[in-house]
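Only one structure is covered here, and it is reproduced in the block below.
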Number of protein chains: 2
Amino acid sequence: MHQLSPEMIEELSGFFRLLGEPARLRLMCEIRNGNSDVATLMDRTGFSQSHLSRQLGQLQKAGLVQVERDGNRSLYTATDPVVEAICQLAQERLMNHLRQRLDSLNVA
Amino acid sequence: MHQLSPEMIEELSGFFRLLGEPARLRLMCEIRNGNSDVATLMDRTGFSQSHLSRQLGQLQKAGLVQVERDGNRSLYTATDPVVEAICQLAQERLMNHLRQRLDSLNVA
DNA sequence: CGGCATAATGCCTGTATCGGCATAGGGGAG
DNA sequence: CTCCCCTATGCCGATACAGGCATTATGCCG
């Protein structure tokens with residue numbers, strides 16, 4: 001890390017804030033699982049069209065997803081697999097944290 | 001990832017939301033750099049005492065930092081080094097993303 | 001015990017943002 | 001050109017939360 005600049009802090013927290021919204025994190029997961037045209041996303045998530053469009057717009061602006069136009073449809077794909085890796089690490093952190101709390105209760 | 005449960009989505013986004021606040025991300029960085037008693041943190045960040053206390057409280061509740069009481073002082077330490085790894089990945093993602101956009105401009 | 005330092009909490013306000021409804025833009029098919 | 005479908009955006013109400021001020025809680029020392 002080596003002391004991040006304020007600009008980097010701002011950028012990184014902006015990135016994390018995107019994933020900090022359950023709807024958007026959900027979208028990232030759905031998109032990663034293929035079949036990511038908007039109709040399918042609406043169907044699988046139950047989000048309204050406008051909601052979906054906004055969130056996808058934000059994800060795209062940050063470069064987390066790419067959009068590919070097919071006529072008047074839009075196909076979304078995840079841009080960078082590292083996002084998935086980050087989620088994986090976050091998951092492991094959570095599990096470890098809970099496991100440690102559990103253990104500390106058992107010992108005490 | 002393999003299709004995360006709604007509960008996991010909620011937990012993960014909660015974690016990301018913590019880092020999504022510049023003040024808290026800043027704190028995590030400062031704490032990682034050692035010397036993390038509250039007075040020092042106030043000094044280095046310029047945050048007010050109440051603000052600091054609240055943010056540290058949230059980080060602690062999520063298990064991102066640990067607090068060790070020394071008399072009436074509090075020493076904060078980062079709990080899990082994986083958080084740093086996550087920041088590192090996020091940084092690399094950002095750089096890659098910007099580099100790609102730059103390249104695409106040069107080619108076009 | 002009474003003052004003093006440090007940390008946590010109640011209360012409050014301002015601001016950001018989620019997310020719905022309605023509307024506008026833009027590309028096919030007739 | 002016109003209708004229709006899909007997506008994006010303006011507007012707005014509700015809600016969440018940052019962050020300040022004042023107060024309280026907690027542990028130190030005289």
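Just so you know, these numbers come straight off a predicted model, no measurement behind them. Protein chains get the first letters and strands the later ones, always in sequence-line order, with residue 1 at the start of each.
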Could you list the residues that satisfy salt bridge (Lys or Arg N to Asp or Glu O under 4.0 Å) with R44(A), not counting sequence neighbours? E30(A)
Work out which heavy atom in L4(B) is nearest to a heavy atom in C29(A); give both atom names and the distance. CD1-SG, 3.9 Å
What does the B/S/- profile of nucleotides 25-30 of chain D look like, 5' to 3', with a 4.0 Å heavy-atom cutoff to protein? --BS--
Straight-line distance of R93(B) CZ to T79(A) OG1, nearest 0.5 Å: 8.0 Å
Distance-only check: which donor-acceptor pairs under 3.5 Å involve side-chain atoms of residues 54-67 of chain A, not counting sequence neighbours?
from, atom 1, to, atom 2, distance (Å)
Q55(A), OE1, R24(A), NH1, 2.8
Q55(A), NE2, H51(A), NE2, 3.1
Q58(A), OE1, R24(A), NH1, 3.3

How would you list all residue pairs meeting ring pair (Phe, Tyr, Trp, His ring centres under 6.0 Å) that involve residues 84-105 of chain A, not counting sequence neighbours? none
Roughly how far apart are L105(A) CG and R101(A) CZ, rounded to 0.5 Å? 7.5 Å
Who passes side chain to side chain contact (heavy atoms under 4.5 Å, CB included) against E92(A), sequence neighbours left out? Q88(A), L89(A)
Can you sort out the partners of Q49(B) under side chain to side chain contact (heavy atoms under 4.5 Å, CB included), two or more places apart, ordered by chain and number? M42(B), S53(B)
Can you tell if the side chain of Q100(A) reaches within under 4.5 Å of the side chain of D103(A), non-hydrogen atoms only? no
For Q49(B) and dG20(D), give me the distance from atom CD to atom P, rounded to whole Å. 11 Å
Neighbours of DNA chain D within residues 8-26 of chain A, by heavy-atom distance under 4.0 Å: none
Residues at least two apart in sequence or cross-chain that pass side chain to side chain contact (heavy atoms under 4.5 Å, CB included) with E68(A), listed by chain then number, are L75(A)
Side-chain donor or acceptor of S50(B) under 3.5 Å from a matching atom on the base of dC21(D)? yes
Tell which nucleotide pairs with dT2(D), taking only Watson-Crick or G-U wobble pairs whose two distances are both under 3.5 angstrom. dA29(C)
Heavy-atom contact window of chain B on DNA chain C, given 5' to 3' at under 4.0 Å: dA5(C) to dC11(C)
Holding to side chain to side chain donor-acceptor pair (under 3.5 Å), I want the full list of residues that pass it with D37(A), two or more places apart in sequence or in another chain. T40(A)
Any residue in residues 52-63 of chain B with a heavy atom nearer than 4.0 angstrom to DNA chain C? Just list them by number, or reply none. S53(B), R54(B)
N/O donor to acceptor pairs below 3.5 angstrom from side-chain atoms of residues 12-21 of chain A, sequence neighbours left out:
from, atom 1, to, atom 2, distance (Å)
S13(A), OG, I9(A), O, 3.0
S13(A), OG, E10(A), O, 3.0
R17(A), NH1, G20(B), O, 2.6

Would you give the length of the straight line joining atom CD1 of I86(B) to atom CE of M28(B), rounded to the nearest 0.5 angstrom? 9.5 Å
